[in-house]
Amino acid sequence: MLPPEQQSKPNPVVNTIQELGQTTVPSGESNIFCMTIIGQIEGHLILPPQNKTTKYEHLIPQLVAAEQNPRIEGILIILNTVGGDVEAGLAIAEMIASMSKPTVTVVIGGGHSIGVPIAVSSTYSIIAESATMTIHPVRMNGLFIGVPQTFEYIEKMQERVVRFVTSHSRISEEHFKELMFKQGELNRDIGTAVGGNDAVQYGLMDAVGGIGEAIAELNKLILSRKDMRAAASPGGMTQ
């Protein structure tokens, strides 16, 4: 056993794992920042302690820090999520989509529900062959007021998801809605479970692969961005 004075000292790595689910934060040691989105995406309500969650208020500052850090040249986002809060997921997706630096998402295991917009929000998206993405209509929990405005609100929120996914991928709105409202495939829900190869075939994701392919693609994007900046600089090449 460690001496009592060493046992009482907090371990920063352990604290970071417990709080953020990862061993490092954007520190400039590498030109690529890796961010993980796992479990259930927690939004405005705190989920029960037995749930494995990713808190969106933790991810947003990390993305801002990575965007501001001049030593970070690319962001790798790894997803294995069952979905979660719709607005929190869309907020994360919008943050990733609006970054000026190259981003690559990798779906390992699953990128379900509101994880779909996050998966397609990057510059380039990759999915493992064994991974799946569940596409289904927006669902809400809690007290409902049985008035037309409630259903209009849900419909508008659903349209936000559809518009975002179709504008950040190659899938058409008609095909995405067809997958969303398909009956008979999911046992207790409406929708479709899309595998890795099908996700690429439908135009939802860009390629089938894993971490190696993702890092290689991210390095290509970083190099391309450097070349474009060099060409645009006053002393750069001109056509």
Side-chain angles (χ1 to χ4, degrees), residues 35-43 52-56 59-60 63 75-99 103-141 154-183 185-210 213-214 217:
M35 187 175 73
T36 56
I37 300 175
I38 58 175
Q40 191 165 351
I41 298 169
E42 187 178 270
K52 176 72 70 175
T53 63
T54 295
K55 302 178 185 295
Y56 84 110
L59 297 186
I60 290 176
L63 289 170
I75 297 92
L76 177 68
I77 302 105
I78 301 175
L79 290 97
N80 187 9
T81 176
V82 296
D85 188 279
V86 175
E87 289 193 344
L90 281 177
I92 295 168
E94 290 284 5
M95 287 281 293
I96 296 171
S98 63
M99 297 188 77
T103 55
V104 172
T105 49
V106 189
V107 176
I108 304 290
H112 305 292
S113 191
I114 199 61
V116 175
I118 299 176
V120 305
S121 64
S122 60
T123 313
Y124 195 83
S125 59
I126 294 176
I127 183 171
E129 186 176 357
S130 61
T132 56
M133 304 174 77
T134 302
I135 302 169
H136 62 69
V138 170
R139 298 174 300 193
M140 299 186 69
N141 297 322
I154 297 174
E155 187 177 5
K156 288 180 180 179
M157 182 177 290
Q158 192 162 275
E159 285 299 322
R160 288 164 59 193
V161 174
V162 173
R163 283 198 306 269
F164 186 92
V165 171
T166 54
S167 63
H168 290 84
S169 65
R170 293 175 287 106
I171 193 170
S172 66
E173 181 177 339
E174 293 76 18
H175 193 187
F176 188 72
K177 285 186 175 181
E178 179 185 343
L179 296 173
M180 178 180 283
F181 297 113
K182 187 175 181 180
Q183 298 182 9
E185 182 168 326
L186 302 183
N187 189 24
R188 294 185 300 171
D189 199 358
I190 295 173
T192 308
V194 179
N197 289 319
D198 288 336
V200 176
Q201 182 181 347
Y202 295 156
L204 197 59
M205 302 290 282
D206 291 319
V208 173
E213 290 83 357
E217 184 62 35

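Side-chain atoms of T134 and S113 form no donor-acceptor pair, as typed in the model, at a separation below 3.5 Å.
Taking 4.5 Å as the limit, every side-chain heavy atom of I118 sits out of range of all side-chain heavy atoms of T81. The shortest distance between side-chain heavy atoms of R160 and V86 does not fall below 4.5 Å. Between F164 and E94 the shortest side-chain heavy-atom distance falls below 4.5 Å. Side-chain contact between I190 and H136 is absent, with no heavy atoms from C-beta onward closer than 4.5 Å. Side-chain contact between N80 and T36: absent, with no pair of heavy atoms (C-beta onward) separated by less than 4.5 Å.
Using a distance-only test at 3.5 Å, with no hydrogens or angles considered, a donor-acceptor pair links the side chain of T105 to the main chain of A119. For R170 (side chain) and M205 (main-chain N/O), a donor-acceptor pair under 3.5 Å exists by modelled atom type. When atom types are taken as modelled, the side chain of T192 and the backbone of L179 share a donor-acceptor pair closer than 3.5 angstrom. Remark: the backbone N or O of V208 is not paired with any side-chain donor or acceptor of E213 at under 3.5 angstrom. Remark: the backbone N or O of P137 is not paired with any side-chain donor or acceptor of Q158 at under 3.5 angstrom.
Distance check: D85 CG to I92 CD1 gives 9.0 Å after rounding to the nearest 0.5 Å. Rounded to the nearest 0.5 angstrom, S121 OG and M95 CE are separated by 11.0 Å.
Using a 4.0 Å cut-off between charged nitrogen and carboxylate oxygen, K182 and E178 do not count as a salt-bridge pair.
For E129, the CD atom is loosely surrounded, since the number of other residues' heavy atoms within 6.0 Å does not exceed 12.
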